[in-house]
There are 2 protein chains.
Amino acid sequence: MSLIPIRSGSPPGGETERSDAARNRELLLRAARELIEERGADGLTMDRLAERAGVGKGTVFRRFGSRAGLMMTLLSDSEAAFQGRFMFGPPPLGPGAPPLDRLGAFGAERIAYVMEFGELARAADASAHNRFDVPAAVLWHRHIEMLLRTAGVTADPWLMAMSLSSTLDPERLLHAVRVHHVTPERLAESWRELVTRVVSCPGGAAGPPERA
Amino acid sequence: MSLIPIRSGSPPGGETERSDAARNRELLLRAARELIEERGADGLTMDRLAERAGVGKGTVFRRFGSRAGLMMTLLSDSEAAFQGRFMFGPPPLGPGAPPLDRLGAFGAERIAYVMEFGELARAADASAHNRFDVPAAVLWHRHIEMLLRTAGVTADPWLMAMSLSSTLDPERLLHAVRVHHVTPERLAESWRELVTRVVSCPGGAAGPPERA
DNA sequence: CTGCTAAACGGACTACGGTCCGAATGTTAT
DNA sequence: ATAACATTCGGACCGTAGTCCGTTTAGCAG
């Protein structure tokens with residue numbers, strides 16, 4: 001059930017882990033959760049984290065690579081659960097339901113996820129030039145693309161999936177909710193509207209469908 | 001033809017400008033363009049800029065507020081031109097053409113714009129928690145929303161416009177082109193496909209259309 | 001020309017993410 | 001137990017965006 005590791009702090013990955021490394025990893029994760037609880041995700045700095053955990057700053061970066069990596073590690077449990085649900089869970093999110101229903105459910109779940117872990121998700125994205133190439137993002141993209149193809153969308157499903165993914169970007173969703181007071185329900189409804197139109201419509205402007 | 005100022009370095013805005021301020025503004029803009037020419041947008045740091053222009057760092061931030069503000073100022077000419085074209089220019093981008101055609105043209109133009117000024121546009125967005133509230137972004141959003149309404153889209157045009165805007169996000173577009181080697185033409189084609197489906201389709205899942 | 005004042009200046013300072021490398025430590029073979 | 005070695009540790013160090021405040025100066029009145 002582990003699936004694609006979002007950003008392994010290398011717990012039991014690959015080879016064995018030295019005992020001090022394991023101890024520090026636990027120390028760091030615990031300190032990170034404490035700090036986030038106390039001051040929010042934005043209040044977590046790598047210096048503070050190192051100090052709180054009682055380790056050197058280098059150790060923090062050795063473990064997690066970057067601040068975004070740390071955030072991903074903190075999210076990995078819930079992220080893995082989410083992945084499990086949309087890949088192997090019960091319909092309509094999981095397999096068994098029509099693709100359109102699965103797409104709708106996917107967006108709704110993702111929106112709920114962002115509402116719950118939004119700060120972390122945003123911090124995990126932040127400043128990475130490769131935020132679209134992170135394993136989890138690639139997986140979502142492929143999932144959406146697969147559903148589009150299954151639903152019979154033939155017009156560049158890869159780019160269409162990119163467009164749909166962009167709609168679910170944490171930063172944008174949070175902005176809509178926090179600044180413009182859009183309810184998550186309204187977001188989900190709009191998402192369903194969007195995917196319905198994308199899936200159920202024959203492309204009008206389609207010239208030569210295949211190019212490269 | 002000045003339209004909404006993207007991020008005024010306060011050239012002749014409001015009151016008069018002291019002569020040394022005007023001189024330094026010119027110095028800074030010139031130095032900024034030089035540096036970008038030499039080392040790219042990412043190679044422009046505020047320290048280097050200050051040094052190159054021969055002014056203090058404080059002066060740079062006094063003028064432009066932030067790095068993103070500086071980038072917006074650098075873009076303001078071409079941005080204003082773009083705005084002029086889609087608001088008052090000839091069809092199909094400007095008024096006179098059917099909304100769907102205008103939407104398609106809008107995306108295509110925007111994509112071309114990002115291909116040309118992408119680095120700057122990305123830098124202008126970067127790290128602003130309010131990047132969606134910047135005047136230019138608000139204007140694009142309103143424009144798309146207006147076109148959707150004109151085209152008869154009744155299902156939450158505000159959010160639908162947000163989704164469509166997100167597709168045109170510079171960071172995403174550049175990523176697709178640079179990492180995945182998607183051609184701008186393919187991006188434009190996919191955009192047309194998307195807006196066609198959004199506009200031409202009756203909503204399927206629509207329950208009660210109005211809520212809040 | 002002189003003096004006054006509000007505005008602009010400038011660069012030291014802070015906070016932060018990230019890097020580096022000599023020192024310390026656990027693991028394993030003997 | 002000991003020695004050898006790879007791994008990890010730790011914190012000084014760097015580059016960057018952004019702030020602060022004492023100093024300078026443009027513009028103007030007399």
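Nothing here was measured: the structure is a model prediction, and the numbers come from that model. Note on naming: letters A, B, ... go to the chains in the order of the sequence lines (proteins, then strands), and numbering restarts at 1 for each one.
- Note on the helix from C/dC1-D/dG30 to C/dT30-D/dA1: terminal axis deviation equals 10°, with five pairs used at each end and the result rounded to 10°.
- Rounded to whole Å, the distance from CZ on A/Arg23 to P on D/dT7 is 19 Å.
- Rounded to an integer number of Å, the gap from CD of A/Glu26 to C1' of D/dT8 is 16 Å.
- The phosphate of D/dT8 has neither OP1 nor OP2 within less than 4.0 Å of any side-chain N or O from A/Asn24.
- For B/Arg18, the salt bridge (Lys or Arg N to Asp or Glu O under 4.0 Å) criterion is met by B/Asp20, not counting sequence neighbours.
- When the side chain to side chain contact (heavy atoms under 4.5 Å, CB included) test is applied to B/Ala112, no partner is found at least two apart in sequence or on another chain.
- Salt bridge B/Arg197/B/Glu193: present, at least one basic N to carboxylate O contact under 4.0 Å.
- Applying the salt bridge (Lys or Arg N to Asp or Glu O under 4.0 Å) criterion to B/Glu38, with sequence neighbours excluded, gives B/Arg52.
- Applying the salt bridge (Lys or Arg N to Asp or Glu O under 4.0 Å) rule to A/Glu26 yields no partners; only residues at least two apart in sequence or on another chain are considered.
- Atoms CZ (A/Phe64) and C1' (D/dT8) sit 14 Å apart, rounded to a whole Å.
- A/Thr59 comes within 4.0 angstrom of a base, heavy atoms only.
- Residues in residues 113-128 of chain A take part in these salt bridge (Lys or Arg N to Asp or Glu O under 4.0 Å) pairs, two or more places apart or across chains: A/Asp42-A/Arg122.
- B/Met72 is not listed as a side-chain neighbour of B/Phe64, based on a closest heavy-atom distance of 4.5 Å or more.
- Scanning for side chain to side chain contact (heavy atoms under 4.5 Å, CB included) contacts around A/Ala161 gives A/His141, A/Ile144, A/Glu145, A/Leu148, with sequence neighbours left out.
- For B/Phe117, the side chain to side chain contact (heavy atoms under 4.5 Å, CB included) partners two or more places apart in sequence, or in a different chain, are B/Leu75, B/Ser78, B/Tyr113.
- Remark: A/Pro184 engages A/Ile111, A/Met115 in a side chain to side chain contact (heavy atoms under 4.5 Å, CB included) (not counting sequence neighbours).
- Using a 4.0 Å cutoff to heavy atoms of chain B, the contacted part of DNA chain C runs 5' to 3' from C/dA6 to C/dG11.
- Between A/Arg63 and D/dC9, a side-chain N or O to OP1/OP2 separation shorter than 4.0 Å is present.
- One can place CG of A/Leu27 at 11 Å from P of D/dC9, the figure rounded to the nearest angstrom.
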Each nucleotide in nucleotides 18-25 of chain D should get exactly one letter: B, S or -. Can you fill that in based on protein heavy atoms under 4.0 Å?
BB-----B
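- B/Arg110 meets the salt bridge (Lys or Arg N to Asp or Glu O under 4.0 Å) test with no other residue; sequence neighbours excluded.
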